[in-house]
Amino acid sequence: MTLHPGHPADTAADIADFANEFVALRRKLHSQPELAYKEEKTSALVATYLQSWGYEVTRNIGGTGVVGTLHNGIGGRSVGIRADMDALPIIEATGLDYASTTAGVMHACGHDGHTAILLAAARHLSETRDFSGTFHAIFQPAEEGGGGARSMIRDGLFERFPVDAVFGLHNWPGVPAGQFGFLTGPAMASVDLAIIRIVGKGGHGAKPHQTVDPVIASASLVLALQTIVSRNLDPLETAVITVGTINGGVAANVIPESVELKITVRTFNERVREQIKGRIIALADLHAQSYGATAQVRYPRGYPVLVNHADETEFARQVALRHFGEGRVEADFRQITASEDFAFMLQERPGSYLFVGNGDSADLHSPRYDFNDAILPDAARYWVALVRDFLSANDTTLTIPSRVEAKQDD
Ligand code: ZN
């Protein structure tokens, strides 16, 4: 049933008509999760659907990435919406009847949901075609540590599929189901991994004076690392330094040769990121030295700070306000110390990463987590509304067109 093309009400009606199919699809994806860069079945499924709806489909971008492109009308603007497709190496403990059938692999971050949401929106946009411009549906591999967004960019994503802006979303447990969250500026943290090996001189546990004990040096270092945030950073900055693993030794009566620490570092700006790196390396060296040991530090870079662009974020927020009302937009959505490789896309093009409440579910990356299917229809409606409104805005402003504003009054 079509009331008025472009009216949110008919969007809602149409997506409701086929939402169950996409809930079923989401559960199918959940049952067959695939790890980073191995999203073969998932990407094939995505490509098949997009093709069947008339999209131009390009596969194998940055690995298993897929882009579906739909042109309509004469509009010169273009917008990209990104969903991630990969799962995690987690043993599922949900007991759901559509639980993972692949041992040790699980959709524990809701990327099955993100993929299904974008597919539902893509289908609706292809059926209604009530937009003017170009829509790119971007399905990326390997968000979970593999930098799939960066791989797609290096494979020419934005040269081959130019966009005026790019948007993405993540479901968010702990926020009421279907509530939208927006943040301007640094929204999600950078993540780096420090791997420190403290090398001493092993020996008999009863003769410590003949050894250089790397356990003692490591213990001292763990405590010292916690002074970086409390003593070195500007108190108004935010950062996290977590020593997640300490490994060394095999027996109580043996002093080991070495101990290895793995540390995750989260920050909200590049200056702090560099400052912490410098301090970790210095403390590791000096602590090891003070106990007669040496430190070997590796510091592989992870994802950068995710910085949402102001204009696009305000635009995205306005879309939610106009189509769903003020009550559906979280007033005070806070910065997140988790990381997200959509940050790479936002370094290349303007855009915004937003959040949709997943309700009272288990947390992301928990073996008991599940994506909340109840939020799928509205999240798809949101993408449809954003694509229409973005492509209708004129070239020099992101103001939502008066066509949509007028609808507010009817
Ligand atoms: Zn995720």
Side-chain angles (χ1 to χ4, degrees), residues 26-27 29-30 32-39 42-43 46 62-66 81-92 94 100 102 104-119 137-152 166-175 177-183 187-191 193 264 266 302-306 308 333-346 351-359 361-373 375-376 379-380 382-383:
R26 199 288 291 181
R27 293 179 177 191
L29 293 173
H30 190 89
Q32 53 178 50
E34 296 174 297
L35 291 173
Y37 294 116
K38 293 178 181 161
E39 305 91 340
T42 308
S43 61
V46 164
T64 49
V66 180
I81 309 284
R82 169 275 210 175
D84 38 14
M85 300 187 288
D86 59 319
L88 284 155
I90 289 175
I91 299 169
E92 181 157 352
T94 61
S100 170
T102 307
V105 183
M106 176 188 175
H107 268 300
C109 204
H111 299 182
D112 47 351
H114 304 164
T115 297
I117 290 166
L118 184 51
L119 283 173
I138 302 166
F139 294 86
Q140 81 151 72
E143 193 287 319
E144 300 289 359
R150 185 175 44 199
S151 299
M152 289 188 85
V166 63
F167 297 87
L169 68 75
H170 210 294
N171 76 94
W172 213 251
V175 171
Q179 289 292 108
F180 293 93
F182 301 91
L183 282 161
M188 297 183 75
S190 66
V191 57
L193 171 66
T264 189
R266 315 284 173 138
Y303 298 163
V305 180
L306 183 146
N308 277 328
F333 198 83
R334 301 181 67 194
Q335 282 181 309
I336 292 165
T337 52
S339 303
E340 164 59 58
D341 82 342
F342 191 69
F344 290 117
M345 294 199 182
L346 293 176
S352 191
Y353 198 60
L354 56 113
F355 303 88
V356 182
N358 200 53
S361 70
D363 203 2
L364 301 171
H365 296 204
S366 156
R368 282 169 295 281
Y369 166 85
D370 191 30
F371 174 80
N372 184 348
D373 288 321
I375 71 175
L376 192 154
Y382 176 81
W383 279 150

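Each ligand, and each atom within it, is numbered from 1 in the order the structure gives.
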Within the 2.8 Å cut-off the protein N, O or S neighbours of the Zn ion (ligand 1) are Cys109 SG, His111 NE2, His170 NE2
Donor-acceptor pair between Glu92 and Ser100 side chains, under 3.5 angstrom | no
Just jot down the ring-ring contact (aromatic ring centres under 6.0 Å, His included) partners of Tyr369, sequence neighbours excluded, or say none.
-> none
How would you list, by chain and number, every residue that makes a salt bridge (Lys or Arg N to Asp or Glu O under 4.0 Å) with Asp86, sequence neighbours excluded?
-> none
Tyr303 and Phe344: aromatic ring centres closer than 6.0 Å?
-> yes
Can you name the side-chain hydrogen bond (donor to acceptor under 3.5 Å, both in side chains) partners of Ser190, sequence neighbours left out?
-> Thr267
Note: Ala87 and Val105 closest approach over all heavy atoms is CB-CG1, 3.9 Å
